[in-house]
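Everything on this sheet refers to the single structure shown next.
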Amino acid sequence: MDESMDSAPHLISTCVAFICNTSQSAMDALLEGLNDAQKSAVTSPANVVQVLAPPGSGKTKTLTARVAYHVNHERLQPWNIIVCTFTIKAAREMKERIKGFVGEKLEAKLILGTFHSVARRFLSRYGQEIGIDKNFGIADTSDSTAILKRIVARHQYTVEPGHARSRISKLKAKGVSADDFRATAKNVNDNEFAMVYSSYQEHLKASNLLDYDDLLVRCVDLLRKSPSCVSTIQAVLIDEYQDTNNIQYELMQLLAQSTRRITIVGDPDQSIYSFRSAEIKNLHRMRTDYPESVVINLENNYRSSGCILNSAMAVIEQDESRPQKPLIATHGVGEPPTLRHLVSATGEAKWIIEEIKRTKTLAAGLLSYDDYAVLIRSSHLSAQIERALGQEGIPYRMVAGTKFFDRAEIKILLDYLRVVSQPEHKHNDAVARVINVPSRKVGDATVKALLEEAEVKKVTLWKLLLDVARGRRKPESKVSAQAQKGIEQFVNVILTSRERLHPAEGENCDLLDLIYHVLKKISFESYLKQAHKDNWQDRWANVEELVNQAAQMTTAFANGEDILDDALPIVQGVEQREDTGADILSKFLANVTLSSVADQEGGEVAQVTISTIHAAKGLEWPVVFMPALYDGSIPHSRADDHDEERRLLYVGMTRAQGLLYLSCPMKQSGQEKTKLSRFISDKKIQKLFSERGPDLAFKRSTIPDLARILRRPCPADTDLKTAHSLLERLEDDKYPATREEMDGEDPTWGASWGDKFNSSGLSGDGPKQSFKRRKVEGSNSISSETVSTTMRTVSGFSTAVTTMSSVKTGFTSALDLGNLQSMQKEAERIRSKEARDEAREGKDCQATSDGARCHHKLL
DNA sequence: AAACTGGGCCTTTTT
DNA sequence: GGCCCAGTTT
């Protein structure tokens with residue numbers, strides 16, 4: 001690129017000199033491997049650049065390279081560059097990639113994070129300009145709901161608290177304040193809601209809290225009032241721009257108000273956050289507001305096989321309102337994706353595990369568990385998958401299930417810390433949540449009464465408790481002797497903890513010491529042992545992880561490091577607030593609400609990933625499964641924007657590099673029949689899929705093709721051959737694959753194994769079941785004689801049940817294919833068929849979701 | 001009378 | 001995991 005010549009060094013400083021010496025090669029490295037469109041996006045001299053980047057087109061690569069270009073070639077100081085993402089994970093990923101370009105030191109100086117965390121930084125530094133206390137806390141969704149619940153209960157309003165919360169959130173996303181809303185209220189309902197909204201705001205204010213939306217709204221207020229806070233900002237970059245809502249758009253404008261230099265990357269087809277008020281319209285709005293905008297389209301997909309891309313395109317193109325645009329595969333066609341029907345959700349999970357094992361084995365080292373992802377629409381769908389993986393001993397990680405900081409044990413601890421942090425503020429909810437944890441015999445009734453009393457008397461709950469504990473005031477609420485005692489204990493915990501918050505002069509506040517104190521005072525470990533007998537170890541490990549984080553922060557703080565990325569450019573005329581030692585706790589708490597613990601990559605153990613589709617955005621895996629694709633799940637029954645649901649499916653499908661599996665159980669975990677998702681019901685679309693998993697055993701090109709797509713060396717022929725001998729089944733033929741097969745074989749299809757065994761309808765089959773039980777209990781040492789006896793009986797029994805049919809249809813299907821090799825394999829299989837059927841059935845029963853219950857019934 | 005315990009029900013997506 | 005309800009303990 002010739003432009004690189006323009007940027008000859010002209011400033012002398014050690015730092016700059018260093019960069020300039022390496023400038024030419026850095027430039028080369030920066031642009032290496034970029035295509036023309038990407039290069040022009042990275043190096044565009046235009047002030048406002050919109051990069052439209054479909055899946056797998058190198059979006060992150062382009063954005064990170066442009067950040068590096070700003071730093072290395074345009075000589076922008078990293079602390080004058082803001083990069084906003086939507087998810088914590090995306091921010092983390094971006095950081096890593098930028099480090100590779102500009103080095104750790106410069107990267108660390110960038111203002112990079114989620115919109116919310118960037119806003120938090122500005123508010124925490126300059127909040128005093130608009131009257132925000134520096135130690136504001138952040139109310140998460142459950143805090144907000146709790147506040148609204150109480151407001152609604154007290155005034156006996158008719159709105160549902162959850163509904164009110166989302167309505168308030170939507171209004172804030174549009175920049176409509178409580179006062180604005182009241183002014184436009186049209187009817188009784190609106191009036192009531194206006195009351196709720198403003199009470200909610202008052203409550204937040206009194207508690208020194210900002211909710212997620214407030215972070216954005218108030219930051220907009222701040223930057224409007226004091227533009228000088230961002231006077232040094234020279235470039236703003238936004239990732240996943242299609243997900244911006246109105247308030248974020250305004251924030252973007254304000255952050256960039258000094259130089260109007262903005263780069264955004266996004267893809268309207270991947271807009272999946274309209275429930276968070278994302279406005280696709282912002283793309284056009286930006287072109288209007290910034291007529292100087294340059295639009296660059298990326299069109300090459302470097303991620304997926306042609307077949308996968310094709311099927312994903314076919315899905316998204318059903319949306320006729322959507323403008324057509326090209327997306328060109330750069331890989332070979334690969335294997336057609338699979339669209340599979342399974343009998344039940346349990347069966348679906350087992351089939352997935354079967355396919356993971358089959359493909360991993362047959363790929364002979366090409367694939368590890370790390371390469372597999374199961375993407376689900378709703379987090380509760382993970383249960384079956386987790387259970388099945390667990391049963392097979394396959395390691396997995398669950399992304400974005402219950403987040404670390406949402407875990408009950410962590411929340412309890414954090415609530416204690418919140419109360420310790422600012423009891424003088426009206427942190428009533430936190431107080432109420434932990435006053436009886438562990439049990440101090442201060443029951444719900446007492447707490448509720450005290451809360452009401454505190455509200456009426458306009459004092460904080462903490463103040464009231466303090467008075468009660470010290471016997472200064474007889475509360476109007478009835479407080480039993482034991483409750484009185486409990487309150488005294490609680491107050492004691494908090495007061496002794498607070499002593500540690502304000503250490504002697506010259507000493508840093510030791511967060512660790514404080515946490516240990518709280519843990520000891522409330523005997524948290526024994527509490528967990530007693531309250532969660534089954535998994536207290538895991539929970540205690542989580543607590544240790546939190547302690548760990550606090551430890552890291554304490555050391556960093558002691559070393560004077562900028563632990564929370566709080567450094568903002570020094571701006572003249574606007575006073576930045578200094579941190580005092582005791583502020584560390586409130587910072588820790590605020591940060592915790594906006595962060596997540598990094599996935600333990602561990603490295604040593606390869607793990608299958610389970611993730612929601614939402615959380616999977618921006619990521620890719622060699623093999624992707626998308627289960628539960630039925631109407632009601634996707635499109636979700638509560639979703640009203642079906643186009644967005646379709647985009648969601650599209651986003652999921654385009655995560656796959658080499659192999660993609662879509663599947664649909666014919667029954668939900670309940671008993672309702674399912675209907676295949678409307679997005680993949682079209683005949684033309686179904687033609688793009690195969691009914692069974694790909695042939696990795698007999699089609700010779702499959703594995704080499706896969707290796708090429710993954711840019712990995714292809715396993716040796718001998719290894720591939722050896723792999724065959726490791727498997728009983730070389731093909732995806734363990735379960736029936738089509739409705740016809742399932743219907744034909746068994747009119748009672750739909751009653752899955754688990755369903756059958758758990759249903760009381762089987763209670764009469766005593767003798768056979770006892771065999772089954774012996775098989776289940778019998779370890780490997782069970783004699784072959786016993787096995788065969790057991791097997792015959794159970795086989796006879798199970799012909800009545802669906803799974804048996806899978807074996808048969810497996811045969812016929814293989815024969816129909818006329819595949820000689822597979823016929824030979826089948827012959828082999830027939831020889832040991834019965835034994836394996838038996839083995840499988842024993843396992844099936846045991847592996848049933850309610851294994852234990854199944855077991856009992858069989859007794 | 002208040003607190004606790006166990007069982008049955010449901011569960012969109014994220015900062 | 002959260003919520004509600006019924007039955008039991010303190």
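Reminder, nothing fancy here: chain letters follow the sequence lines and each chain counts from 1.
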Counterpart residues, side-chain contact (heavy atoms from CB on, under 4.5 Å), relative to [X] (two or more places apart):
X	result
A:I130	A:L123, A:I132, A:R218, A:D221, A:L222, A:K225
A:R678	A:D631, A:P635, A:H642
A:Q482	A:K441, A:S480

Need one value for [X]: base, sugar-phosphate or nothing, where a base atom within 4.0 Å counts as base even if backbone is also close, heavy atoms only.
X	value
A:D444	sugar-phosphate
A:S480	nothing
A:F115	nothing
A:T141	base
A:S633	nothing

TODO: Counting heavy atoms from C-beta on, name the nucleotide in B:dA2, B:dC4, B:dT15 closest to the side chain of A:A445.
DONE: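 Closest of the options to the side chain of A:A445: B:dA2.
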
- [ ] Would you indicate which nucleotide in B:dT11, B:dT15, B:dA3 comes nearest to any side-chain atom of A:Y212?
- [x]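 Among B:dT11, B:dT15, B:dA3, the one nearest the side chain of A:Y212 is B:dT15.
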
Return the set of residues passing salt bridge (Lys or Arg N to Asp or Glu O under 4.0 Å) with [X] (not counting sequence neighbours), or none when no residue passes.
X	value
A:R150	A:D429, A:E455
A:E160	none
A:E488	none
A:D214	A:K172

Send over the distance from [X] [atom1] to [N] [atom2], rounded to a whole Å.
X	N	atom1	atom2	value
A:R276	B:dT13	CZ	C1'	10 Å
A:R121	B:dT15	CZ	C1'	14 Å
A:K448	B:dA1	NZ	P	17 Å
A:M398	C:dG1	CE	P	14 Å
A:R165	B:dT13	CZ	P	12 Å
A:I487	B:dA3	CD1	P	10 Å
A:L450	B:dA3	CG	C1'	15 Å
A:K89	B:dT13	NZ	P	14 Å

- [ ] Between A:H380 and A:Y273, name the one whose nearest nucleotide on DNA chain B is closer to the 5' end.
- [x]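 Whichever sits nearer the 5' end wins; that is A:H380.
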
TODO: Indicate whether any N or O donor in one side chain lies under 3.5 Å from an N or O acceptor in the other, for A:D211 and A:Y200.
DONE: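 Yes, side-chain donor-acceptor contact under 3.5 Å.
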
Open item on the list: Could you check whether A:K617 and A:T87, counting side-chain N and O atoms only, form a donor-acceptor pair closer than 3.5 Å?
Closed with: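 Looking only at side-chain atoms, A:K617 and A:T87 do not form any donor-acceptor pair under 3.5 Å.
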
Task: side chain to side chain donor-acceptor pair (under 3.5 Å) partners of A:Y527, counting only residues at least two apart - done: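 Counting only residues at least two positions away or on another chain, A:Y527 forms no side chain to side chain donor-acceptor pair (under 3.5 Å).
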
- [ ] State plainly whether the residues A:R276 and A:D243 are in salt-bridge range, i.e. N to O under 4.0 Å.
- [x]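 The answer is no: the pair does not qualify as a salt bridge.
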
Task: Sequence neighbours excluded - salt bridge (Lys or Arg N to Asp or Glu O under 4.0 Å) pairs with any residue from residues 137-147 of chain A - done: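 Sorted pair list: A:D143-A:R433.
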
Extract from the structure each pairing of a protein N or O with an N or O of nucleotides 5-8 of chain B at less than 3.5 Å, listing the distance.
none

Protein-nucleic acid N or O pairs under 3.5 Å, nucleotides 5-10 of chain C:
none

Can you check whether [X] has a side-chain N or O nearer than 4.0 Å to OP1 or OP2 of [N]?
X	N	result
A:S379	B:dT13	yes
A:R539	C:dG1	yes
A:T446	B:dA3	yes
A:N436	B:dC4	yes

- [ ] Could you check whether A:F275 and the base of B:dT13 form a stacked pair, meaning centres closer than 5.5 Å and planes differing by less than 30°?
- [x]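 Yes, A:F275 stacks on the base of B:dT13, since the ring centres sit under 5.5 Å apart and the planes are within 30°.
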
So which protein nitrogen or oxygen atoms get under 3.5 Å of nucleotides 2-4 of chain C's nitrogens or oxygens?
residue	atom	partner	partner atom	Å
C:dC3	OP1	A:K149	NZ	3.0

Open item on the list: How long is the straight-line distance from CD1 of A:I522 back to CG of A:L413, given to the nearest 0.5 Å?
Closed with: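 Nearest 0.5 Å value for the CG-CD1 distance: 6.5 Å.
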
